[in-house]
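Below, read A as the first sequence line, B as the second, and so on, with proteins coming before strands; counting in each chain starts at 1. Computed over heavy atoms, backbone and side chain alike; hydrogens, waters and symmetry mates excluded.
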Amino acid sequence: KAGVTQTPRYLIKTRGQQVTLSCSPISGHRSVSWYQQTPGQGLQFLFEYFSETQRNKGNFPGRFSGRQFSNSRSEMNVSTLELGDSALYLCASSLVGGASNEKLFFGSGTQLSVL
Amino acid sequence: GEDVEQSLFLSVREGDSSVINCTYTDSSSTYLYWYKQEPGAGLQLLTYIFSNMDMKQDQRLTVLLNKKDKHLSLRIADTQTGDSAIYFCAESDYGQNFVFGPGTRLSVLP
């Protein structure tokens, strides 16, 4: 069974641009979560999608948005990029999210550098 | 809100045992997890423990849970250089609202 796939692996953008990151969950998984990882702040939760609906949201500005498609694939978008958005963006999938023995499975991440 | 704390660094000699500690605040945590992150990679689930257990062993890994003190530890026996990585402790409340610790960077010295 293929794992969580994130594309692209690396991205370099300049301030003010926008970026879209993609995540394909493990087959059969319907919940997709996004995290931002930086050396200073650690892992911070962005949002979680289930059945094409945003179910949970972290404390990030509205420039960060996401969506989920009917095949459970998810995208996140960051508009008007700032230098502080440079980070490793991790996607994680789980079966349904919210089940008592739920486990998160992570992709390798997209390393975004904003110049 | 919920919080998970870990020491940031640990160095051990190859062949020794490593013990990585974690404390959490959410008393309603049902599952606690250990993840491993190698350089340039995502997080890999190592093991997890249900909150009504106090120990779980999986090959070289032993997880100990003290629910009263909200303390979780991961022991790696016979630590190898390939174990060098960042280890994250995490807790969830019935599979929702995962909260991760800051990670402990384990360095294994030859």
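Interface residue A:Q37: only side-chain heavy atoms are found under 4.5 Å from chain B. Proximity to chain A (any heavy atom under 4.5 Å) is restricted, for B:L45, to the side chain, taken from C-beta onward. Looking at A:L88, the atoms closer than 4.5 Å to chain B (heavy atoms on both sides) all sit in the side chain, from C-beta outward. Proximity to chain A (any heavy atom under 4.5 Å) is restricted, for B:Q37, to the side chain, taken from C-beta onward.
With chain A as partner, the option from B:G103, B:G40, B:P102 having the largest number of non-hydrogen pairs under 4.5 angstrom is B:G40. When each of A:F105, A:F45, A:Y35 is checked for heavy-atom pairs under 4.5 Å with chain B, A:Y35 comes out on top.
When hydrophobic clusters are built by joining Ile, Leu, Val, Met, Phe, Trp and Tyr residues whose side-chain heavy atoms come closer than 4.5 Å, directly or via intermediates, B:V4 is not grouped with B:F9. Under a hydrophobic clustering in which Ile, Leu, Val, Met, Phe, Trp and Tyr are joined whenever their side-chain heavy atoms come within less than 4.5 Å, directly or via other members, A:L112 and A:L90 fall into different clusters. Connection of B:L64 to B:Y33 is not established within any shared hydrophobic cluster, with ILVMFWY side chains joined at heavy-atom distances below 4.5 Å, either directly or through further cluster members.
Within a 6.0 Å radius of CD1 in A:I12, other residues, nucleotides and ligands contribute 12 heavy atoms or fewer. Within 6.0 Å of atom CG in A:N59, 12 or fewer heavy atoms from other residues, nucleotides or ligands are found, so the atom counts as exposed in its surroundings. Other residues, nucleotides and ligands contribute over 12 non-hydrogen atoms within 6.0 Å of the CZ atom of A:R73.
Looking at A:L104 and B:F100, their side chains come closer than 4.5 Å, going by heavy atoms from C-beta outward.
The structure places OH of B:Y48 at 3.5 Å from NZ of A:K103, a figure rounded to the nearest 0.5 Å.
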